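Everything quoted here is computed from the prediction, not taken from an experiment. Reminder, nothing fancy here: chain letters follow the sequence lines and each chain counts from 1.
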Amino acid sequence: MTSTLQHFATVNDAAAATSKKLQKQAILADYFRGLPEDDLRLAVRFAAGRAFASTDARVLNVGWAVVGEAILAILSLAPAELRKLSIAAGEVGEAIAKVWETSRTRPPPGGDGLTLRNVAAGFDEIARLGMRQNKLAAVHDLFRHAATGREAAYLAKIIFGDLRTGVQEGVLQAAVAAAFDAPLAKIQRVQLLIGDLEEVAVLARRQDLDSATFTLFHPIQFMLAAPQETPADAAATLAGRSFVAEDKLDGIRAQIHKSGQGVAAKVAIYTRTLDRVDESFPDVVRQIETIAGDFLLDGEIVPYRDGQVLPFGQLQKRLGRKSPPAAILRQNPCAFIAFDILFRDGSLLMDEPLAARRAQLDALCGGTAVPILAQVPVVTESQITTAFTASRDRRNEGIILKDSAGPYAPGRRGGLWFKLKTHLPTLDCVVTAAETGHGKRRNSLSDYTFAVWNDEAANTSEDSADGPAPQSHWPLELVNVGKAYSGVTDDEIAQLTALFTEITTSTDGRVRQVRPQVVLEIAFDQIQRSDRHASGFALRFPRIKRIRWDKRPEDADRLSRVTELYESISNFAKPTSEPSPTPAEPTLFDGM
DNA sequence: AACCGAGGGTC
DNA sequence: GTCGCAC
DNA sequence: GTGCGACGACCCTCGGTT
């Protein structure tokens, strides 16, 4: 008996219906337990919202345009109608589910709906075909076989990679463990070794989890750091235990696997989402190939020239490039800075304490083309503060604190590693526009565009002297500097939604212009020059610190203050003005 | 040939 | 990356 | 502590339009 998409949909609907994780797990576990191997693979894969296994590099490469067209060819529905339904439902899948059986122009061929295998075969086809028309035909073919609204909904959800069932990796692992009576820790361990949860599920079903062994070129989840607000908080968290501090580099986290020598050398670079990016970084591949042996390193790829780490912006031109032209490679050189080693010449080192891994790293990379990030021991608040300010003075993002006795805990955030970032002062901004959200925010105005007063245009236009800026006078113009949603509670969103609805001056699609009235205190990490907003600046990681009900719009900040913050020492996003006069920082790297 | 928007990845 | 919410 | 969902700016690629 093969498993149907309808059954899959029913189970996932049940999981979505409860907010309790244990219940979600139990529902999925029951389902998984009843499936044969092939369907089990697909069920785990689709429940994770993936069309393909995580170690499968293929992608569907279809989006709203193609899926929408395919759906409109099946339903007697106007495009505008579909759009409206999607906004109301927060998602295409749920939008079409409601009208699927009543609006379709002809019944599904065969009438029995789809099996999981049909779906997988359809995805193979979509990925294989080039050209929009061909992909459209394959998508259409899949949807027209969907007999029920729930089937169609889940097809769309999987294609868009988002089931919205509140089930992600964590819940799935627990469900697999429960389904086949395996300890959760064992499931997690095996997934770490072999990569794909669907294969782990198959091994668990065969009661054969012990057969899994680590092999290179299967990326491992990254160990993450939990945020700390201040050195004092961090010191309290460490509670006298002995940690080491490293500079937090502003690049991209990278895991590098390497085997073989010379022409047989093989290098793979994985990012935090476990995607391969070797093609974008040929210079890093060459750098790694100079090191002998088989190994797995963890570290950061940074823009790098003459021993100096450059601002993150330099790196962005490299990201996503399939084959960077020579000019880009020359203008934006990159390098890998190592800070951990997880595997070396047949030995898995993840369970060794950091200090031992560090010794292995020194032995492998010391004195080579791969720099090793320096560590300093820290216990007290003042030691942490010293490390932090030293990092900031080197124009780095802050520090990472690591338990030197701790193992490498893949995917974990708490307990062993902490991060402390530099931050700039906050800005008080005036909201100029509000936007409706998506998904669970579909009924709120949850996204706010905000501005500061432009006191600079006034000055330059009517003042020729370059002495201190004269007192600016009203009316000043508001210029947008950014957008933010995060930082406000559900209650505050409800309150703001009501208010912005009242003071809307015009509406364009999901965006409403609003009368300048509400002042938000905005926190952020960095300021960049940008032409996205009228101010000429954009904020990195903007978040709403609080709503300043006590402030009037006139009390908000001026553009000149934004410019000042942009120029300030903590704003390391600013391009380096000079080809730095100081040579390589002596304390940033070890072993060179 | 130049431009634009969607999609997908980095932080 | 950020944050709030639910567990 | 942990997992999840809803969001920011930036930059790339790709396909369709002008």
Side-chain angles (χ1 to χ4, degrees), chain A residues 16 18-25 49 59-68 90-91 130-133 135 160-174 224-227 248-254 271-277 279-280 300-302 311-324 328 332 397 411-416 419 421 423 435-442 444 446-450 481-493 522-533 537-545 573:
Chain A
T18 170
S19 62
K20 295 187 173 44
K21 273 187 275 187
L22 289 174
Q23 230 167 313
K24 289 177 195 285
Q25 288 162 15
V59 288
L60 293 176
N61 241 319
V62 295
W64 231 99
V66 167
V67 173
E91 173 210 342
M131 310 292 291
R132 184 198 152 90
Q133 282 311 313
K135 281 184 188 286
F160 286 110
D162 195 2
L163 262 47
R164 304 185 189 222
T165 47
V167 172
Q168 236 38 290
E169 196 96 304
V171 173
L172 275 178
Q173 287 172 334
L224 304 171
K248 185 177 192 305
L249 300 178
D250 191 14
I252 65 170
R253 186 79 180 273
T271 62
R272 265 179 59 164
T273 48
L274 312 186
D275 292 302
R276 269 187 82 154
V277 292
E279 287 171 331
S280 305
E300 192 95 358
I301 293 175
V302 291
F312 182 78
Q314 291 276 317
L315 202 154
Q316 280 180 306
K317 287 220 175 6
R318 296 284 294 275
L319 287 167
R321 275 213 203 249
K322 288 189 164 168
S323 45
I328 293 284
N332 306 84
E397 233 189 339
R412 316 287 296 190
R413 183 154 247 144
L416 300 173
K419 62 179 166 186
K421 297 179 73 165
H423 53 266
E435 225 171 299
T436 56
H438 298 83
K440 66 181 174 190
R441 298 264 179 265
R442 83 189 92 104
S444 336
S446 62
D447 192 354
Y448 313 119
T449 302
F450 46 80
V481 283
K483 279 176 81 187
Y485 137 78
S486 101
V488 279
T489 63
D490 288 357
D491 278 354
E492 288 170 323
I493 290 177
I522 304 293
F524 52 93
D525 281 20
Q526 298 288 300
I527 303 180
Q528 300 154 320
R529 283 237 116 96
S530 158
D531 48 19
R532 190 183 197 82
H533 300 295
F537 293 103
L539 310 178
R540 182 138 88 135
F541 312 140
R543 56 212 110 109
I544 300 163
K545 199 153 186 202

Under 4.0 Å: is that the gap between some side-chain N or O of [X] and OP1 or OP2 of [N]?
X      : N      : answer
A:S19  : C:dC5  : no
A:R540 : D:dA9  : no
A:S280 : D:dC12 : no
A:K322 : D:dC14 : yes
A:Q316 : D:dC12 : no
A:H438 : D:dG5  : no
A:R321 : D:dC12 : yes
A:T271 : B:dG9  : no
A:R164 : D:dA6  : yes
A:R532 : D:dC10 : yes
A:K421 : C:dT2  : yes
A:S446 : D:dA6  : no

Atom pair distance, as rounded to whole Å: [atom1] in [X] and [atom2] in [N]:
X      : N     : atom1 : atom2 : result
A:F312 : D:dA9 : CZ    : P     : 15 Å
A:E397 : C:dT2 : CD    : P     : 8 Å
A:K483 : D:dA9 : NZ    : P     : 6 Å
A:L163 : D:dG5 : CG    : P     : 9 Å
A:I544 : D:dG8 : CD1   : P     : 11 Å
A:D490 : D:dC7 : CG    : P     : 11 Å
A:D250 : D:dA9 : CG    : C1'   : 13 Å
A:D275 : B:dG7 : CG    : C1'   : 14 Å

State whether a side-chain donor-acceptor pair under 3.5 Å links A:D491 with A:T489.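 No, because no side-chain N or O of A:D491 sits under 3.5 Å from a partner of the opposite role on A:T489.
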Considering heavy-atom distances to DNA chain C, does A:T489 or A:L224 have its closest nucleotide positioned more toward the 5' end?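 In this pair, the answer is A:L224.
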Need to verify one output field. Residue with the more 5' nearest nucleotide on DNA chain C, A:D491 or A:K248? A:K248
NE2 (A:H533) with more than 12 external heavy atoms under 6.0 Å: yes
Test side-chain contact (heavy atoms from CB on, under 4.5 Å) applied to A:K421 and A:F541, step by step: CA-CA 12 Å; A:K421 297 179 73 165; A:F541 312 140; 3.9 Å; yes
When you measure from the centre of the six-membered ring of A:F312, is the NZ or CZ of A:R540 closer than 6.0 Å and no more than 45° off the axis?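 Relative to the ring axis of A:F312, which defines the angle, A:R540 lies inside both limits.
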Mind checking [X] for me? I need base, sugar-phosphate or nothing, with any heavy atom below 4.0 Å counting as a touch.
X      : value
A:G251 : sugar-phosphate
A:K419 : sugar-phosphate
A:R253 : sugar-phosphate
A:H423 : nothing
A:V277 : nothing

Which nucleotide sits closest to the side chain of [X]: [options]?
X      : options              : result
A:D447 : D:dC10, D:dG3, D:dG8 : D:dG8
A:L319 : D:dG8, B:dT10, D:dG5 : B:dT10
A:K440 : C:dC3, D:dG8, D:dA6  : D:dA6

Please tell me which of A:F541 and A:V62 maps to the more 5' nucleotide of DNA chain B, matching each residue to the nucleotide holding its nearest heavy atom.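 Result: A:V62.
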Are A:E300 and A:K248 ion-paired here, with the side-chain N under 4.0 Å from a carboxylate O? no
Less than 4.0 angstrom from a charged side-chain N to a carboxylate O is my criterion; do A:D525 and A:R543 meet it? yes
Where the side chain of A:R318 meets the backbone of A:S280, is there a donor-acceptor pair that is under 3.5 Å apart?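 Yes.
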